[in-house]
Structure formats: structure tokens, C-alpha cells
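Working notes for the structure below.
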Amino acid sequence: MTRKDALIAAKIIVGGLMITLAAGLSGMDAASAEPVIAALLTDGTAWMTDFGNALGKVLAERDITLRVVAPATPLPESQAEKLAELNKGDAAVLLVWPASPIEPGASFKGVSLDKPLLLLGPDAPESGRKVAVSPDPEALGRLFAGLIRQCVPDGLLIGVLNRRNDDPCLKTLRKALEDELKAGEITPRQIMEDNGDPGAARENARELLEKHPELAGYVAVEPYHLNALTSAATETKRAGYVGIVGTGWPKTVGEALEKGFVNGVVYPDVQALTDTLAPMIRAAATADNAFAWPESGRVAMPLSTRFTPKPYGITEMLHGLPGDWNIKAPADKPQPPARKFD
């Protein structure tokens, strides 16, 4: 073989190696781009389904497929049954928002999981979760206060629907709420608990709206509290006159928020939440030992707010009182029926 032939042969060999290496790298890129499959087990309520679907759309941009799954009933026992099924499926990572804020661990009783578990909402360390991404109660209290200040005049009283008044997290929330409201001299006067029972929450909401006309606004700590207050305000014909804020999902609250019958909603910020969750889901799916999981096992959930002002004010309220007040509502606002508060 001549020197020239040897050089040509060497170039061919090197070229072939480069093509092979490039193909290998391309294959690695394709593999890394394959979506991770995760499942989010909700409690089946409308707001959580809407939230899960919104979260799934944003996670899809990170090549993570999120399947939103609901149990047969919104109960911990039903969640446990569905979780056992998901553990046998093809999802690499399981996410769960426990159905009971009072006993979040009940959703995992009798279930042995082989797959990594991430929690959203209430924490249940006994579940074996890698992390819980939960709303910070102090931050939640401050956000509630900021919304109340926008829909309740200074110096007035408000009511609060709560799960359980002796819960340490809720005590932190209440203190933050009261501290933030001091600047406007707004005082939480009636704080009613229901031990996580939506039926009791509905009764409490109606009692507050019927028997405590001194209250100018209300805080709903849980989404079911917001449903209860919205219904009670409509039934007692006080929707749009009192300030109502709480947790939920704006799309689920819907028309009540658009019209100002619900004035403020605190909800998970799905874009920021994705920034938090995406690396965790990938690390859990690939058993990445280099990933730094938080030592506390907890991460604060990013939150956002939406506000809509009340459609009615003091003029409309006077118009609705018994007697001839000769008060005309402004032309740009809905005209309330006469003698609304008989």
C-alpha cells in the first residue's frame, strides 16, 4: 500500500468513527428527550381536576406526561384503592394530593408502594414520600389578608371558615392573617371549625351569613369552604355585598369570580410549581442519587392570587334596605332589586 493509499484509508476509518459517534450521541439525545410518565392522584373534586389538567399542560413542555387520576369517591379509602392500582401501572412516579386535610396519612393506609412518591398539599411523612410540596401557612395568611383589604373597608369585622382551630399550621395562618389586617383595623371575629366535614362547613357558612350581619367579609381556608360561602351568600341574597376570599382554582370558581360574588382566590402557581416539580419528577424517575432532596422533606408550594372587586357598594346596599331611601345605583353597575334585605 502506498503512502497515499494509507492516508485515504485512515481518513475513511476516522470518518466512519465520527459518524458512529454522532449517531450514538443522537441516540442519547433522543433517549433523554423521551417523556417521563407520572400520575397525579387527586381527590376527584372539580377544582383539583382542573388544577391537575393545567399542571399537566405545563409539565408536557418539559417532556413529562402527567396523567390526572381520580378515585371513585373523594375519600381517603378510595384514594388508597386507586393508589394500589397506580403502583402496578406504567407511571414511573406517583404524585398524590391527599383527600383529607385532617388525616392525610389515611390515603396510604394498607398500601405498599414500589414507586417513588411525591405529595402535593397536606404532608404525610408516614407515607414514605420523598417530598411534600405544600402551601406555607404564613404566606397563605398574608395573601388572604391582602385580598380582604381590597374588598372589605377598614375598621370592619370578618369571619373565617376553618378546618380545626387547634391545628398548628392553621394557628400560624391565623396569626399571619391577623397581623397583616392590623394596618386596616380589620378584625377576624367569628372563626368556625368543621373538622374537615363539608356538610358542617355549609351549616357554618349559612350561620355566619344569616346571624352575623356585622361581618363584612369572609375567608375560606379550604376550597370546600369557598363553595360553602358562595352558596350561602347567594341563598341569603348577600352575594356581591360582602367580601369573600379563599383557596380554589379560578376556572372552577368560574362565574362567581368573574362577577365579583367571590372576590379573591389563592391558588397554586402552575408555572412556578413546574419549575419545582419537574427536576424532582425526573430525579425520582431515574433514581438520581446526585439530586439534593430537601432535608426537611418539605418545599413551599408557589402560590398566586386573582382578585375581582365587588359589584355592589354602600349605595347599592342602602338601596336594598327597607324604606324609601331614594338612592339610585350608578348606571355602570347592576341595579339590585328593591328591599333586598327585608
Please check if atom [atom1] in [X] has more than 12 non-hydrogen atoms from other residues, nucleotides or ligands closer than 6.0 Å.
{"X": "Arg298", "atom1": "CZ", "value": "no"}
{"X": "Glu207", "atom1": "CD", "value": "yes"}
{"X": "Arg163", "atom1": "CZ", "value": "yes"}
{"X": "Arg129", "atom1": "CZ", "value": "yes"}
{"X": "Glu185", "atom1": "CD", "value": "no"}

Over all heavy atoms of both residues, which pair between [X] and [Y] is shortest? Give the atoms and the distance, please.
{"X": "Thr308", "Y": "Lys259", "answer": "CG2-C, 4.4 Å"}
{"X": "Pro268", "Y": "Gly248", "answer": "CD-O, 4.4 Å"}
{"X": "Thr230", "Y": "Ala256", "answer": "CG2-CB, 4.0 Å"}
{"X": "Gly155", "Y": "Ile186", "answer": "N-CG1, 4.0 Å"}
{"X": "Gly243", "Y": "Val152", "answer": "CA-CG2, 4.5 Å"}
{"X": "Asn165", "Y": "Glu193", "answer": "N-OE1, 2.8 Å"}

Ignoring hydrogens and geometry beyond distance, is a side-chain donor-acceptor pair present between [X] and [Y] at under 3.5 Å?
{"X": "Asp50", "Y": "Asn53", "value": "no"}
{"X": "His225", "Y": "Asp194", "value": "yes"}
{"X": "Thr286", "Y": "Asp288", "value": "no"}

Side chain to side chain contact (heavy atoms under 4.5 Å, CB included) test vs Val221 passes for just one of Thr247, Val160, Leu161, namely Val160

Does any part of the side chain of [Y], heavy atoms only, come nearer than 4.5 Å to the side chain of [X], both counted from C-beta?
{"X": "Leu181", "Y": "Thr187", "result": "no"}
{"X": "Val262", "Y": "Leu226", "result": "yes"}
{"X": "Ile64", "Y": "Arg282", "result": "yes"}

| task | Decide yes or no on salt bridge (charged side-chain N to carboxylate O under 4.0 Å, His left out) for Arg67 and Asp90, but give the supporting numbers first. | result | CA-CA 11 Å; Arg67 295 174 181 164; Asp90 61 349; 2.4 Å; yes

Where do Arg206 and Glu235 land on the salt bridge (charged side-chain N to carboxylate O under 4.0 Å, His left out) test, with the steps shown first?
CA-CA 9 Å; Arg206 190 164 187 95; Glu235 293 168 3; 2.4 Å; yes

Discussion item. Would you say the ring centers of Trp97 and Phe51 fall short of 6.0 Å from each other?
Written reply: yes

CG of Leu177 to NZ of Lys175, rounded to nearest 0.5 Å, is 11.5 Å

CG of Leu215 to CZ of Arg189, rounded to nearest 0.5 Å, is 8.5 Å

Apply salt bridge (charged side-chain N to carboxylate O under 4.0 Å, His left out) to residues Arg174 and Asp179 and explain how you reach the verdict. CA-CA 9 Å; Arg174 177 178 172 179; Asp179 289 346; over 6 Å; no

